[in-house]
There are 2 protein chains.
Amino acid sequence: MKNNVTMRDIAKKLSVSTVTVSKALGDKEGVSEELKAKIKNLATEMNYRYNTTAKSMKDGLSYNIGVIIPERFTGVSQSFYLRIYQHISRLLENYGYYGILNILNSEDEEQLNLPRIYYEKKVDGIIVLGQVNKAYIDIIETMQLPKIFTDFYDEHADIDSVITDNFYGSYEITNYLIQNGHCEIAYVGNIHSTSSIQDRFLGYYKSLLEHNIPLNQLLILNDRDDKGIFIDIELPNPLPTAFVCNCDQVAYLLTEKLIENGFQIPQDCSIVGFDNDIYATLSSPPLTTVEVDIEQMANTSVNSIMEKIKNPDKRFGRVLVQGKIIYRDSVQALIGT
Amino acid sequence: MKNNVTMRDIAKKLSVSTVTVSKALGDKEGVSEELKAKIKNLATEMNYRYNTTAKSMKDGLSYNIGVIIPERFTGVSQSFYLRIYQHISRLLENYGYYGILNILNSEDEEQLNLPRIYYEKKVDGIIVLGQVNKAYIDIIETMQLPKIFTDFYDEHADIDSVITDNFYGSYEITNYLIQNGHCEIAYVGNIHSTSSIQDRFLGYYKSLLEHNIPLNQLLILNDRDDKGIFIDIELPNPLPTAFVCNCDQVAYLLTEKLIENGFQIPQDCSIVGFDNDIYATLSSPPLTTVEVDIEQMANTSVNSIMEKIKNPDKRFGRVLVQGKIIYRDSVQALIGT
DNA sequence: CTGAAAGCGCTTACAG
DNA sequence: CTGAAAGCGCTTACAG
């Protein structure tokens, strides 16, 4: 079962040195083509497998990247971050790197315990996927290795982050509603909850400002408590003609609630979401929404972290990844537009 | 930025040998308590981090486990395997191990390319999560390291696998329908598609047999083509009183279709699913279904692979993980039961 | 073109 | 209780 063929074994059989075997297998200069071929053949014949650990040892590099996801984003109905991780993991392979997932449980976050992968030098860099609390951000900053925040950022932090352009996406989709004749538009989301929700709100607000529509405080609807648990959304009376929801899941819940109350979507009011996740197509009618470019977020995160491993002084700041509007059936053009 | 404090650095400062430092930090015998404390203090003070790679080198162990998921199970609406991976990853940490995710893309599966983590000795064992094709199973078997199949098995393979007790779960939930007075019960699923669907069908069949209900071929309904793509389900006429669906997603789709056709669930017919995934609660009414014990599957997989790393000759065979019925509102008790 | 020597950071015998 | 030596499997720099 155990397969412990090393370069030395190959070398012995061919009466050459391990240096020569290393050069041959690594396609380096300084070995005759003939010998090189011979070595390569014997290697495959002997089922030789390269030992990355030895290389790691020499280079002082683990060739692993840690991906930290706070536990609370890994619930049954949330696969967004796992999905990004999946892409990260795949993209890392192009660099000869591998991704180690680390779910940060709430206890460790509370007690400010850094993950073991850090203390064991298991990783050369860390991607933090999903907002952690302030105190934890501070302790992350003390880690002496390259790090990237993905899908959130911190004002005080001198840390590079990769985020969706929430502001602009929300701005654009609100513009789209206004172009369709809407001017009573509610925003659904707890604007003190996360930076994403807040930024999406501000994009919505900018759109209103540009179109001289006054911001109506009664049309800012709360969707969750401070722990992020969804609460029942209070419908304003009278109803606005459209709702900008901070995410598809909330748009889905709102749709259900409106239908229960006898309203028809989009005839009686229009609804837009954000994310383009599973809830966007589960909603009926399917949601017009802003698609978050998961692939690109993973891509930027990976490229940035690799860059920082090569050059630790490299700074990226906040990198915005543009989303795009997906048009479906939840928006009604108002007559006379 | 670079932190390259080694045991040697600590040793030098204290004018002792690295051996002593190693013993102290590892809480081994043979260092005075006093010196041990001194070393430990200096270590934290100097921000020393243990280098796992060196240990890997010595032990010939990477302390990583590869988790291979075929690409086709990682679509937008499928987070089941990612979820199991998440648990695996967490459980591995108790052993000082880490999980490396490897999405097996269809091309590599077709061309029988083994993952790079194998050729680079990046992992000490492999968990294959989700059914791969026959030819690929064969090549997996040639890999010279411990391996476990999770959520599928192969008749010919002399490989250990951890699977949900599909047969028994389906048997039980069909029994439940019969206890509620149903005797015209359809099964929904392509019974030639995967071993899970097939086994669930057989559990359903066993329940019918035990209750002397003849199997009606017209009530075996196809839900997907040979590539696993969902197809429109043809409703039998007359409708049976209940449907046993091979998974929640199909139960969800079926529910929608029946409602479109003017039927009420569960008044006009009952529906049960399998998995207890997001679709079970998304369905309206929410589904009575068999919950797959994800945690336990991950747990068994991890324990087994660790056992096999210690003892490569260990065999487990097929390990069944029991599910449990979750009772919700999609089943109607027939009058006169 | 080929190889002897040294080193990456630890640990495991073994000796004192 | 403490440490010198050897080794895990490679690669780099240097010498021939």
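To find a chain, count down the sequence lines: A is the first, B the second, and so on, and within it residues start at 1. If you're wondering where the values come from, they're calculated on a predicted model, not measured in any experiment.
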What integer distance in Å separates [X]:[atom1] from [N]:[atom2]?
X: A/Asp124; N: C/dC8; atom1: CG; atom2: P; result: 18 Å
X: A/Glu29; N: D/dT12; atom1: CD; atom2: P; result: 13 Å
X: A/Leu61; N: D/dG9; atom1: CG; atom2: C1'; result: 17 Å
X: B/Asn51; N: D/dC8; atom1: CG; atom2: P; result: 18 Å
X: A/Lys121; N: C/dC8; atom1: NZ; atom2: C1'; result: 11 Å
X: A/Lys28; N: D/dC14; atom1: NZ; atom2: P; result: 16 Å
X: B/Ile39; N: C/dC10; atom1: CD1; atom2: P; result: 13 Å
X: B/Asp9; N: C/dC10; atom1: CG; atom2: C1'; result: 13 Å

Centroid-centroid distance, A/Tyr119 to B/Tyr48, less than 6.0 Å
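A/Tyr119 vs B/Tyr48: aromatic centres not under 6.0 Å.
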Would a 4.5 Å heavy-atom cut-off, applied to side chains only, mark [X] and [Y] as touching?
X: A/Leu145; Y: A/Tyr118; result: yes
X: A/Lys121; Y: B/Thr53; result: no
X: A/Lys308; Y: A/Phe316; result: yes
X: A/Ile68; Y: A/Pro115; result: yes
X: A/Thr20; Y: A/Leu35; result: yes

Closest-nucleotide 5' rank along DNA chain C - winner of A/Thr18 and A/Gly30
A/Gly30
Taking the side chain of [X] as its heavy atoms from C-beta onward, which of [options] lies nearest to it?
X: B/Met57; options: D/dA5, C/dG9, D/dT2; answer: C/dG9
X: A/Leu35; options: C/dT2, C/dG9, D/dG9; answer: C/dT2
X: B/Arg8; options: D/dC10, C/dC8, D/dT12; answer: C/dC8
X: B/Lys58; options: D/dA5, C/dG7, D/dC8; answer: D/dC8

Within the pair [X] and [N], is there a side-chain N or O less than 4.0 Å away from OP1 or OP2?
X: B/Tyr48; N: C/dG9; value: no
X: A/Thr53; N: D/dC8; value: no
X: B/Thr20; N: D/dG3; value: yes
X: A/Ser17; N: C/dG3; value: yes
X: B/Ser22; N: C/dT12; value: no

Expected output check: what is the dot-bracket annotation of DNA chain C, where ( ) and [ ] are pairs inside the strand (brackets for crossing ones), | is paired with another strand, and pairs are Watson-Crick or G-U under 3.5 Å?
|||.||||||||.|||
Pick the closest DNA chain D nucleotide for A/Asp59 and for B/Ser15 by heavy atoms, then say which residue is nearer the 5' end.
B/Ser15
Taking only Lys NZ, Arg NE, NH1 and NH2, and the carboxylate oxygens of Asp or Glu, determine whether B/Arg90 and A/Glu71 approach each other closer than 4.0 Å.
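Judged by the 4.0 Å cut-off on N to carboxylate O distance, B/Arg90 and A/Glu71 do form a salt bridge.
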The side-chain hydrogen bond (donor to acceptor under 3.5 Å, both in side chains) partner of A/Lys55 among A/Thr52, A/Asn51, A/Asp59 is A/Asp59
Counting any heavy atom closer than 4.0 Å, what does A/Lys55 reach on the DNA or RNA strands: base, sugar-phosphate only, or nothing?
nothing
